[in-house]
Amino acid sequence: MVATEKDPREEVIQAWYMDDSDEDQRLPHHREPKEFVSLDQLTELGVLSWRLDADNYETDEELKKIREERGYSYMDFCEVSPEKLPNYEEKIKSFFEEHLHTDEEIRYAVAGSGYFDVRDRNERWIRVWLKKGGLIVLPAGIYHRFTLDTNNYIKAMRLFVGDPVWTPFNRPHDHLPARQEYVKAFVHKETGDHAVDAAA
Ligand SMILES: CSCCC(=O)/C(O)=C/O
Ligand SMILES: [Fe+2]
């Protein structure tokens with residue numbers, strides 16, 4: 001992509017550093033001034049993203065290709081809203097507990113929107129706003145959480161390699177191999193602009 005062209009993914013996925021306020025989790029929680037995070041910065045944390053045609057997911061060749069290339073054989077849908085999700089209060093509370101999974105978390109917003117918050121290398125929260133047409137992959141072992149935004153509705157396609165395992169391991173679960181592998185690959189990794197933990 002030429003430097004001046006806007007990344008089409010940014011129309012459906014935006015990310016920014018969060019403020020420290022305890023206000024309603026469904027609010028954007030921008031810092032003042034706003035501090036956006038690029039999708040390339042997310043990639044450096046192992047978070048992958050695509051913009052897809054959510055109105056035609058059943059016949060979408062691009063989605064088919066992603067599924068084939070990444071082995072995402074399993075697919076279902078998860079609708080989150082006070083009306084649609086059984087045990088809504090309990091579930092929304094548990095989604096917002098900081099946790100990790102031992103496998104990728106793959107979510108494609110085919111309707112509605114929501115926030116996936118992920119920790120950066122310095123433990124700061126990055127809020128990733130996933131809207132209709134956005135697909136994200138959170139790598140195994142990344143600490144994260146989920147909340148609806150003020151629209152109170154998302155319908156997400158969930159993809160998985162083989163039989164799905166949704167178990168959340170609430171923080172701290174640093175001893176799990178998935179966490180240790182994530183840290184090795186994405187936290188202690190040296191990049192051009194920051195040699196994290198180089199002196200440790
Ligand atoms: C929008 S899917 C519900 C959230 C979820 O499944 C999860 O694991 C969040 O981390
Ligand atoms: Fe999760």
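Ligands are counted one by one from 1 in listed order, and the atoms in each one are counted from 1 as well. All values below were derived from every heavy atom in this structure, side-chain atoms included, with hydrogens, water molecules and symmetry-related copies excluded.
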- Message: Within the structure, is a non-hydrogen atom of R145 found at a distance of less than 4.0 Å from ligand 1?
- Response: no
- Task: Please work out which of the three classes, parallel, tilted or perpendicular, describes the rings of F77 and Y57, given edges at 30° and 60°.
- Result: tilted
- Query: Considering only heavy atoms, which of E105, M157, E97 lies nearest to atom 7 (C) of ligand 1?
  - Reply: E105
- Task: Give the residue and atom name of whichever protein heavy atom lies nearest to atom 1 (C) of ligand 1, and the separation in Å to one decimal.
- Result: F146 CZ, 3.7 Å
- Task: Could you tell me the residue and atom name of the protein heavy atom closest to atom 6 (O) of ligand 1, and the distance to it rounded to 0.1 Å?
- Result: R107 NH2, 2.9 Å
- Closest protein heavy atom (residue, atom, distance) for atom 10 (O) of ligand 1: H99 NE2, 2.9 Å
- Query: Is there at least one pair of N or O atoms, one from H144 and one from ligand 1, spaced under 3.5 Å apart?
  - Reply: yes
- Identify, by name, the N, O or S atom of E105 lying closest to the Fe ion (ligand 2). OE1
- Task: Determine, for R127 against D117, whether the closest basic-nitrogen to carboxylate-oxygen distance falls under 4.0 angstrom.
- Result: yes
- Message: Need the atom name: nearest N/O/S atom of H99 to the Fe ion (ligand 2).
- Response: NE2
- Name of the H144 atom (N/O/S only) found closest to the Fe ion (ligand 2): NE2
- Test V137 against every option in R70, R107, E105 by the side-chain contact (heavy atoms from CB on, under 4.5 Å) rule and name the one that passes. R70
- At the 4.0 Å heavy-atom cut-off, does K91 count as touching ligand 1? no
- Parallel, tilted or perpendicular: ring planes of H144 versus H101, cut at 30 and 60 degrees: tilted
- Query: Do E104 and Y72 have side-chain atoms, one donor and one acceptor, less than 3.5 Å apart?
  - Reply: yes
- Message: For H101, which part has a heavy atom under 4.0 Å from ligand 1: side chain, backbone, both, or neither?
- Response: side chain
- Message: Below 30° counts as parallel, above 60° as perpendicular, anything between as tilted: where do the rings of W16 and Y115 land?
- Response: perpendicular
Could you tabulate the donor-acceptor pairs under 3.5 Å formed by side-chain atoms of residues 177-187, not counting sequence neighbours?
{"residue": "R179", "atom": "NH1", "partner": "G141", "partner atom": "O", "Å": "2.8"}
{"residue": "Y182", "atom": "OH", "partner": "L45", "partner atom": "O", "Å": "2.7"}

- Query: Cation-pi between R119 and Y143: NZ/CZ under 6.0 Å from ring centre and within 45° of the ring axis?
  - Reply: no
